[in-house]
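The first residue in the sequence is number 1, and the count goes up from there.
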Amino acid sequence: MQQRTYDFLVQMRVPVLTFGGELIGEAIELVICELEKHQFISLSDIECELGDKFHCSPGSADRRLRRAMEMTEFRAGEYPNPELEALRVEFRIETWSIKKFLYAAARRLMSSK
């Protein structure tokens with residue numbers, strides 16, 4: 001994971017010191033790579049690539065991504081998480097899913113280069 005992605009995740013209050021936080025960072029990097037090639041990557045493809053990279057099953061990667069997203073959304077010290085809400089408003093997202101978060105984060109990081 002690149003330093004700017006790590007800094008972004010810390011700003012969003014993602015638990016980066018957990019395995020799920022590391023997976024979110026790597027997933028964002030995968031999405032950025034695909035968006036730069038003007039391509040789309042599905043969540044199942046992301047989970048398969050993460051599983052291969054971190055030697056776990058795609059199902060385990062999915063559970064860890066969702067757990068880290070839940071911690072970001074509900075356990076950041078205040079609800080709703082103000083940084084996450086600002087991202088949600090910026091990209092006009094009604095409800096969060098892990099895929100929507102990954103794409104919004106990737107677009108934010110791509111626009112801040």
Contact summary for [X] and [Y], nearest pair of heavy atoms:
X: G20; Y: A68; result: C-CB, 3.7 Å
X: G51; Y: A61; result: N-CB, 4.5 Å
X: A106; Y: I32; result: CB-CG1, 3.6 Å
X: E85; Y: P80; result: CG-CB, 3.5 Å

Item checked: Steps toward side chain to side chain contact (heavy atoms under 4.5 Å, CB included) verdict (V31, K99) -> CA-CA 10 Å; V31 172; K99 185 177 174 182; over 6 Å; no
Rounded to the nearest 0.5 Å, what separates atom [atom1] in [X] from atom [atom2] in [Y]?
X: M1; Y: L9; atom1: CE; atom2: CG; value: 6.0 Å
X: L102; Y: M69; atom1: CG; atom2: CE; value: 8.5 Å
X: D62; Y: L50; atom1: CG; atom2: CG; value: 10.5 Å
X: M110; Y: L35; atom1: CE; atom2: CG; value: 5.0 Å
X: I28; Y: L23; atom1: CD1; atom2: CG; value: 11.0 Å
X: C56; Y: E47; atom1: SG; atom2: CD; value: 9.5 Å

Check: Should I41 and E49 be marked as a side chain to side chain contact (heavy atoms under 4.5 Å, CB included) after you check the CA-CA gap, both sets of side-chain angles, and the distance that decides it?
Finding: CA-CA 11 Å; I41 186 168; E49 287 196 38; 3.8 Å; yes
Expected output: side-chain [X] to main-chain [Y] donor-acceptor under 3.5 Å:
X: E73; Y: N81; value: no
X: R13; Y: T72; value: no
X: R88; Y: W96; value: no

Margin query: According to a hydrophobic-cluster definition based on side-chain heavy atoms being under 4.5 Å apart (Ile, Leu, Val, Met, Phe, Trp, Tyr only), do L109 and V89 belong together?
Written below: no
Note to self: Any non-hydrogen side-chain atom of I93 less than 4.5 Å from a side-chain atom of L87?
What the structure shows: no
Notebook entry, point to check: Is the closest side-chain donor-acceptor distance between Q11 and D7 under 3.5 Å?
Noted result: no
Note to self: Show, in sequence, the C-alpha distance, side-chain angles and deciding distance for K100 and F91, and conclude whether the side chain to side chain contact (heavy atoms under 4.5 Å, CB included) test is met.
What the structure shows: CA-CA 9 Å; K100 289 177 184 177; F91 291 103; over 6 Å; no
Note to self: Working note: F40 + D45, criterion side chain to side chain contact (heavy atoms under 4.5 Å, CB included); need CA distance, chi angles, decisive distance, verdict.
What the structure shows: CA-CA 10 Å; F40 171 80; D45 289 341; over 6 Å; no
Notebook entry, point to check: Can you say whether the rings of F54 and F19 are parallel (under 30°), tilted (30 to 60°) or perpendicular (over 60°)?
Noted result: perpendicular
